[in-house]
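Notes for the one structure printed next.
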Amino acid sequence: MWCVTRSFKKLCRHMNRLNNNNRFGRLIGSYLQLHLNSIILLGSTLLLLGIASYFSTIEVNGLRQLTLSDFEVGRVADRDVVASRELSYVDEDATRIRIEARKKLVPAIFRYDTAISISMLEQFTACSDFLEELYRKEPEKQQFILEFQQEYPGLFDQESLARLHALKDRSTVIKTARNVFRQLVSEGIADFPDEGMEEFNAGEIEIIYTRNGRDESSIVSRNTVILRDALESRVEDTMNYMPSRNVSVSSVMLILDPFIRENILFQRDESERKMEAELRQVQPVMVTLQKGQRIIKRGFIVTEESYRQLEALAKSGARLNTRKFFTTMVWLLVTVLLSLFLFSGKVLGNRLDFRMTTVVAVCFFVLYLVTLLARKTATLSLSVDTAFLIPAALVSMLVTILVNKRTAVLNALVCAVGIYIAADFTPAAALFALISGFAGAAVVRISGKRIDLVKSACFLAIIQPVLMAAMLMIHPMTNLEPSTLLLGASANGFLSGILVLGFLPILETLLNTSTSFRLMEFSDLNSPIMKKMLLSASGTYNHSIMVATLAESACREIGADPLLARVGAYYHDIGKMDQSEYFVENQSGHNRHVDINPRLSATVIRSHVKQGVEKARQLRLPREVIDIISEHHGNSLISYFYNEAAKTSPDVDPEDFTYPGIPPKTRESAVVMLADVVEAACRTLDKPSVPRLEKFIDELVDHKIETKQLDACELTFREIGIIKKTFLKILAGYYHSRIEYPNQKDTTDTPAGESGEPARIQEKTPSKEKVSRRTTGKHAKNAE
């Protein structure tokens, strides 16, 4: 972080040098330098969130904590298994069935052989012509047989030739045989092999014809294809459509049979290639498991299907869901921009400092990380199951105590958006965290008593289960028992309050913040520093106690923080401890300022502010208290010593007699300033009365207003009037007249009235000139 900051500062300086003549560039460089820490914090937070989101979007199988050996088909499952992400896998059995079905649908390929067909036609035509010519000679049987065997030896046996010789109506038979033969050859006679066609379609085949150099295919039923074994029945069917019905089928078959050959032949290689091509197009059967889907249910028997799903889940491995990652990062960036707006000065009223911004960023990251980790467990994969583990109430209570309730409410809203993102954009956990965060901010009572946190924890232990019950009504789907969720929500609420007790002292010390609990510790007057002040600067100690009383009462009346004002008043003058003898409230006799010149006296008086701030830092007082110490004199003039120096040197510089601080920026700091000057000045009044005190307080406060010491704070004129009345009431009670005993009476005293009450000291109200002279003289030397 230090290296990054140093490099970034160098970059800003370099930009300023490059843009020296560019007003826009200078503005950018100045802004970057001014908000350097915040920019680095936001960048680091976004980087850490991105890293966490990256690993969360690497989707792994749901068996991270289980093994396949824990489950067997037919056994009762002893636990639930839920899909941790959406997963698709191939159903091997269903895919195998699909492949087998596809195989049975692919027809075997046959090719019509034109060469065989032509050869058959030529042979048959020649033989039929010879036979017809031989019939015209009308030879004897033996002569017919011999001549035919001489021309076509072995084509027919003796018996077949004898039957041919004995045919009646020979020309009609030959003519019919020619027509039938041409029909058979044209349609084709298929040759089905004994092996090789088992895997193909049992009902259809594909026949390829070559016509004009082009292949044309036709898918036909196996029942319509002419086979050698069924040739006779096919010839009979063909002859039924011919006019020569008196010709016997056997006569035609006698002539055709020697010339019939299969001309539609099975193409094994082509058929296998087609089969492979068809199988490559078969899509596997995919089964999709939805995220959160229960695969194995406790107490139920593991089925084969569920075991296959379990195997697929175990083999799914890990992969980065790129789309989900970039979507998450865009949402996180939007959330960061939203937080910049919500935690800006326009919304909060006061801009968060770097320490509190760090607290808010860390709280957001912790809740985001807890949600991510919870969602990664199979049992808590559902959003409503994750909700009771999210410590939203704890975070809201811490932010309420460390910062304020308004910031805690806005932080709960931003954290709910982050939880919505971490919970895969499901609303149950985010809604629970949002309302839980509001409840945590509402139940905190900041009164300075740590027992109040225990009471808040008890309230949350009742509120959280009610909230969880409402969530279960809206989102009834859960992996856990409702009683478990309700008990977990109650434990979440109670532990939130208890853990605040443990974390708060650590955070208070690390952040050096001004919580009511820490301010109560610093308000202990028995602390070593206050005891040391009592011994070394008793006047300053008593002055601080009185200022604290005035400031606390006034802040309570105007709605400011009375505890902060009281602690600030206790420590506002701790810088006087090392040189206490130079301050009039600690002087019992000799005045040290008589021995030194006014300029040196002013230097000593001014130094107590700087020394007080240094001591406060050594004591690790909260920053708000340190601000009160540095602002309780503002940049007002030490008028008494300035006037003394002006008597001897008219050209004296007022800056040498001005306090080094700045005017108060908060109401508490302004009230302490007014209480300080009023308490110190009123000590100078002789025999103070209520009218004199009232007029004197008015003049002191008006003087601070005229010198613009109250311009930077948020006090209104109405609040200033309330402060003055509060001061008057307390001081009037403090400086009230006492009963004068006889040995204390003065001859100038007036007697008691008719009512018997002792007469109060009456004195004319001094003129404005006299009061001003006393203010610049006696009071200035005391208060300043």
Side-chain angles (χ1 to χ4, degrees), residues 37-38 40-53 331-344 347-348 350-375 386-423 429-444 446 453 456-457 460 464 492-493 495-513 515:
N37 291 334
S38 298
I40 293 176
L41 175 63
L42 290 176
S44 302
T45 303
L46 193 59
L47 177 62
L48 292 175
L49 291 172
I51 294 173
S53 301
W331 272 85
L332 286 174
L333 181 60
V334 172
T335 306
V336 170
L337 296 177
L338 174 66
S339 64
L340 287 176
F341 170 73
L342 293 179
F343 297 128
S344 62
V347 178
L348 284 179
N350 293 320
R351 189 172 181 273
L352 287 180
D353 60 10
F354 180 73
R355 297 174 304 159
M356 294 301 108
T357 304
T358 304
V359 170
V360 171
V362 170
C363 289
F364 181 88
F365 179 74
V366 168
L367 292 181
Y368 187 83
L369 190 61
V370 167
T371 307
L372 285 181
L373 294 176
R375 291 278 290 175
T386 307
F388 80 95
L389 286 180
I390 301 174
L394 169 63
V395 168
S396 286
M397 295 175 74
L398 286 174
V399 175
T400 301
I401 297 172
L402 294 174
V403 191
N404 54 52
K405 188 167 294 187
R406 187 174 187 178
T407 304
V409 170
L410 295 177
N411 182 65
L413 176 61
V414 174
C415 289
V417 177
I419 292 170
Y420 174 70
I421 299 170
L431 185 60
F432 181 87
L434 177 64
I435 304 177
S436 178
F438 289 166
V443 300
V444 174
I446 308 175
L453 293 178
S456 299
L460 287 175
Q464 297 269 56
N492 183 332
L495 290 176
S496 295
I498 300 302
L499 289 176
V500 168
L501 285 171
F503 285 122
L504 192 58
I506 301 174
L507 294 176
E508 287 174 335
T509 303
L510 291 176
L511 300 174
N512 196 23
T513 186
T515 65

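Numbers here are sequence positions counted from 1.
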(Q) Can you give me the closest heavy-atom contact between Ala374 and Leu389, atom names plus distance? (A) CB-CD1, 4.2 Å
Q | Ser436 side chain vs Ala433 backbone, donor-acceptor pair below 3.5 Å | A | no
Q) Of all heavy-atom pairs between Cys363 and Asn411, which one has the smallest distance, and what is that distance? A) CB-ND2, 4.5 Å
(Q) Please find the pair of heavy atoms, one from Ala457 and one from Ile498, that lie closest to each other, and give the distance. (A) CB-N, 4.2 Å
Q | Heavy-atom side-chain contact between Phe432 and Ile390 under 4.5 Å | A | no
Q | salt bridge (Lys or Arg N to Asp or Glu O under 4.0 Å) contacts touching residues 354-367 (sequence neighbours left out) | A | Asp353-Arg355
Q | Among Leu402, Val403, Val359, Leu507, the one residue meeting side-chain contact (heavy atoms from CB on, under 4.5 Å) with Thr513 | A | Leu402
Q) Is the backbone of Val443 close enough, under 3.5 Å, to the side chain of Ser456 for a donor and an acceptor to pair up by distance? A) yes
Q | For Tyr368 against Ser53, the heavy-atom pair lying closest together | A | OH-OG, 2.6 Å
(Q) Test: salt bridge (Lys or Arg N to Asp or Glu O under 4.0 Å). Region: residues 496-506. Which pairs qualify, not counting sequence neighbours? (A) none
Q. Hey, are the side chains of Met397 and Leu453 touching, using non-hydrogen atoms and a 4.5 Å cut-off?
A. yes
Q: With rounding to the nearest 0.5 Å, note down the distance linking CG in Leu504 to OG1 in Thr509.
A: 9.0 Å
